[in-house]
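For this chain, numbers begin at 1 and follow the sequence in order. Note that the structure is predicted; figures quoted are calculated from it, not measured. What's counted below: heavy atoms across the whole structure, side chains too, no hydrogens, waters or symmetry copies.
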Amino acid sequence: MAEDRFSRDIFWVKPDIRGVIPLNDFHISKSLKKRVRQDRYEIKVNTSFKDVIEGCALPQTHRFQTWINAPIIEAYTALFQQGHAHCVEAWENDQLVGGLYGVSIGAAFFGESMFSTATDASKVALVHLVGRLRVGGYQLLDAQFQNDHLTQFGAQEIPAGEYEIMLKDAISKSSDFYRLPAQTSGSTILQSMTHTS
């Protein structure tokens, strides 16, 4: 992480309590399910990674500063080019209006950040990510820290020792981020999540 987006320095963070979103107990409100089914946003995967991470680095109404600086953008863009990082994007009228990115290792996905400039765009992207991870055989969705935004989806706090056991098991397994087509409808995503429960 960085102190702020203008800093040139980065530092490692290892929380004693880790935020995790359980893939098999992911909570979706009725209103969000409806929005996902409406396909208001065109959801794409890995077409504009740098735009997504730069969107995540910008201030938003609920946060005036972010921890994503230029060295982090460069490092994660390199991971994306090597096939280790992924993004899920929400588009409206050919404009990127939300998305998220993270890193995939084995059957673990490490969610890094998300952004939204349109109502629920990042939430819809998260639903698509979770559906993709479940179908792809992932076991762990690491959210780093629990916050009010993630709590609505069922995020939990896990002690470091328990988390490390989960992590070791997950990274030893294989998964397939592309088991679903790159563009999948909201209804298909919701159905696939029900079928893999």
Side-chain angles (χ1 to χ4, degrees), residues 1-5 7 9-28 45-46 49 52-53 56-57 62-63 65-88 99-115 122-123 125-180 189 192-193 195-197:
M1 299 179 74
E3 288 293 339
D4 58 54
R5 68 192 181 104
S7 172
D9 299 321
I10 57 175
F11 57 90
W12 292 98
V13 176
K14 185 180 178 186
D16 291 332
I17 303 293
R18 199 83 180 193
V20 171
I21 299 175
L23 291 171
N24 291 325
D25 195 19
F26 182 69
H27 301 167
I28 312 174
V45 174
N46 290 344
F49 184 87
V52 169
I53 193 171
C56 291
H62 65 282
R63 64 176 188 219
Q65 195 55 263
T66 68
W67 51 269
I68 303 168
N69 63 0
I72 288 174
I73 291 173
E74 292 167 14
Y76 279 91
T77 300
L79 286 171
F80 171 72
Q81 292 167 347
Q82 296 165 14
H84 303 300
H86 301 289
C87 67
V88 178
L100 54 84
Y101 76 97
V103 174
S104 178
I105 303 174
F109 190 88
F110 305 88
E112 294 294 332
S113 190
M114 58 175 57
F115 85 100
S122 62
K123 293 179 181 180
L126 179 60
V127 172
H128 276 260
L129 173 69
V130 170
R132 178 169 297 279
L133 297 182
R134 287 175 58 154
V135 170
Y138 283 78
Q139 293 182 291
L140 174 65
L141 175 50
D142 180 312
Q144 300 174 24
F145 300 99
Q146 185 179 23
N147 57 39
D148 292 341
H149 179 68
L150 295 178
T151 298
Q152 67 186 299
F153 300 106
Q156 302 174 354
E157 291 187 323
I158 306 293
E162 183 180 339
Y163 170 80
E164 288 172 11
I165 293 169
M166 294 170 62
L167 176 64
K168 185 176 180 181
D169 183 52
I171 63 175
S172 70
K173 304 282 174 43
S174 61
S175 60
D176 183 1
F177 191 79
Y178 298 102
R179 191 168 291 165
L180 283 176
I189 282 290
S192 70
M193 292 172 72
H195 294 156
T196 57
S197 294

Counting C-beta onward and ignoring hydrogens, is there a side-chain heavy-atom pair between R179 and Y138 closer than 4.5 Å?
no
Determine, step by step, whether D142 and L167 satisfy the side chain to side chain contact (heavy atoms under 4.5 Å, CB included) criterion, reporting the C-alpha distance in whole Å, the side-chain angles of both residues, the deciding distance to 0.1 Å, and the verdict.
CA-CA 9 Å; D142 180 312; L167 176 64; 5.9 Å; no
Considering non-hydrogen atoms only, spot the tightest contact between L141 and G111 and give its length.
CD1-N, 4.3 Å
May I ask you to test the I105-H84 pair for a side-chain heavy-atom distance under 4.5 Å?
no
If you look at every heavy atom in N46 and A85, which pair is closest and at what distance?
OD1-O, 4.4 Å
One should read off an interatomic distance between D176 CG and R132 CZ, to the nearest 0.5 angstrom, of 9.0 Å
Qualifying residue, where the test is side-chain contact (heavy atoms from CB on, under 4.5 Å) with M114 and the options are V52, L129, L100, V88
L100
Side-chain contact, heavy-atom cut-off 4.5 Å: Y101 with S113?
yes
Note: C56 and G99 closest approach over all heavy atoms is SG-O, 4.4 Å
Side chains of L133 and F177: closer than 4.5 Å at any heavy-atom pair?
yes
Which residues satisfy the ring pair (Phe, Tyr, Trp, His ring centres under 6.0 Å) test with F26, sequence neighbours excluded?
F153
Verify, without hydrogens or angle tests, whether S175 (side chain) and G137 (backbone) share a donor-acceptor contact under 3.5 angstrom.
no
Would a 4.5 Å heavy-atom cut-off, applied to side chains only, mark Q144 and R18 as touching?
yes
Does some side-chain heavy atom of P22 sit less than 4.5 Å from a side-chain heavy atom of Q156?
yes
Closest approach of M166 and V20, non-hydrogen atoms and distance?
CE-CG1, 4.3 Å
Under the salt bridge (Lys or Arg N to Asp or Glu O under 4.0 Å) rule, collect the residues that match up with E162, sequence neighbours excluded.
none
Check whether R134 reaches the backbone of S192 with its side chain - one donor and one acceptor, N or O, closer than 3.5 Å.
no
Do V130 and L23 come within less than 4.5 Å of each other through their side chains, counting heavy atoms only?
yes
Taking all non-hydrogen atoms of both residues into account, name the closest pair between A155 and I21 and its distance.
CB-CG1, 4.0 Å
Is there a side-chain contact between L79 and Q82 in this structure, where contact means two heavy atoms from C-beta onward sitting under 4.5 Å apart?
yes
Is D16 atom CG crowded by more than 12 heavy atoms from other residues, nucleotides or ligands, each under 6.0 Å away?
no
For A57 and I73, the nearest pair of non-hydrogen atoms, with its separation, is CB-CD1, 4.3 Å
Sorted by chain and number, sequence neighbours left out, ring pair (Phe, Tyr, Trp, His ring centres under 6.0 Å) with F80 holds for F49
Give, for atom CD of E74 and atom CD1 of I53, the distance between the pair rounded to the nearest 0.5 Å.
10.0 Å
Side chain to side chain contact (heavy atoms under 4.5 Å, CB included) assessment of E112 paired with I72
CA-CA 11 Å; E112 294 294 332; I72 288 174; over 6 Å; no
